[in-house]
Amino acid sequence: MLEPKEFRNIIHQDFTEVTSQEFLANQKKYCPEIFEGDNYPNITENLNNLAKLYQSQGRYAEAEPLYQQALAIAEQALGENHPATVKIRENLQTLRQQQHPSS
């Protein structure tokens, strides 16, 4: 098991080139426990954070599916009105407004 600092270094080495699939593959490889049992908040939080990063870089097409995936997991695991679910939904709406400002 890697130390948290080592894991962060691997995950954060160069986000401008990391795809969401690579991000999740690294998480599954180095921290498989976050995909087990009741650790779904880690998954939704990480997907949401990666989506926010892509959004800040103007990579909207890559951010939207991550928000959608995080939202689907959060709705199923936490419910539609949970604060974390609501926040992810708001982030997705903000992204969509950025993509289509006149809508």
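Just so we're clear, the structure is a prediction, and the values are computed from it rather than from any experiment.
The stretch residues 64-87 participates, sequence neighbours left out, in these salt bridge (Lys or Arg N to Asp or Glu O under 4.0 Å) pairs: E64-R96, E75-R89.
Residue E90 holds its CD atom at 7.0 Å from CD of Q93, rounded to the nearest 0.5 Å.
Nearest heavy-atom pair, A63 versus A51, reported as atom, atom and distance to 0.1 Å: CB-O, 3.4 Å. Nearest heavy atom pair, residue Q55 against residue Y60, reads O-CE2, 3.6 Å. Nearest approach of A74 to I88, heavy atoms of both residues: CB-CD1, 4.0 Å. Residue T44 comes nearest to A70 through the heavy atom pair CG2-O, 3.5 Å, listed as atom of the first residue, atom of the second, then distance. In this structure, A84 and L78 approach most closely via the heavy-atom pair CB-CD1, 3.9 Å.
Under the 4.5 Å side-chain heavy-atom criterion for ILVMFWY residues, no single connected hydrophobic cluster contains both L95 and V86. Y54 and Y67 are members of different hydrophobic clusters when ILVMFWY side chains are connected at heavy-atom separations under 4.5 Å.
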Original post:
Does the pair L92 and L71 meet the rule for a side chain to side chain contact (heavy atoms under 4.5 Å, CB included), with working shown?
Top reply: CA-CA 9 Å; L92 178 58; L71 182 59; 4.1 Å; yes
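Proximity of a side-chain donor or acceptor of T85 to a complementary backbone N or O of N81 within less than 3.5 Å is not detected.
At a threshold of 4.5 Å between non-hydrogen side-chain atoms, the residues L50 and E62 do not count as touching. I43 places a side-chain heavy atom less than 4.5 Å from the side chain of I73.
The environment of CD in Q99 is crowded: more than 12 heavy-atom neighbours from other residues, nucleotides or ligands sit within 6.0 Å.
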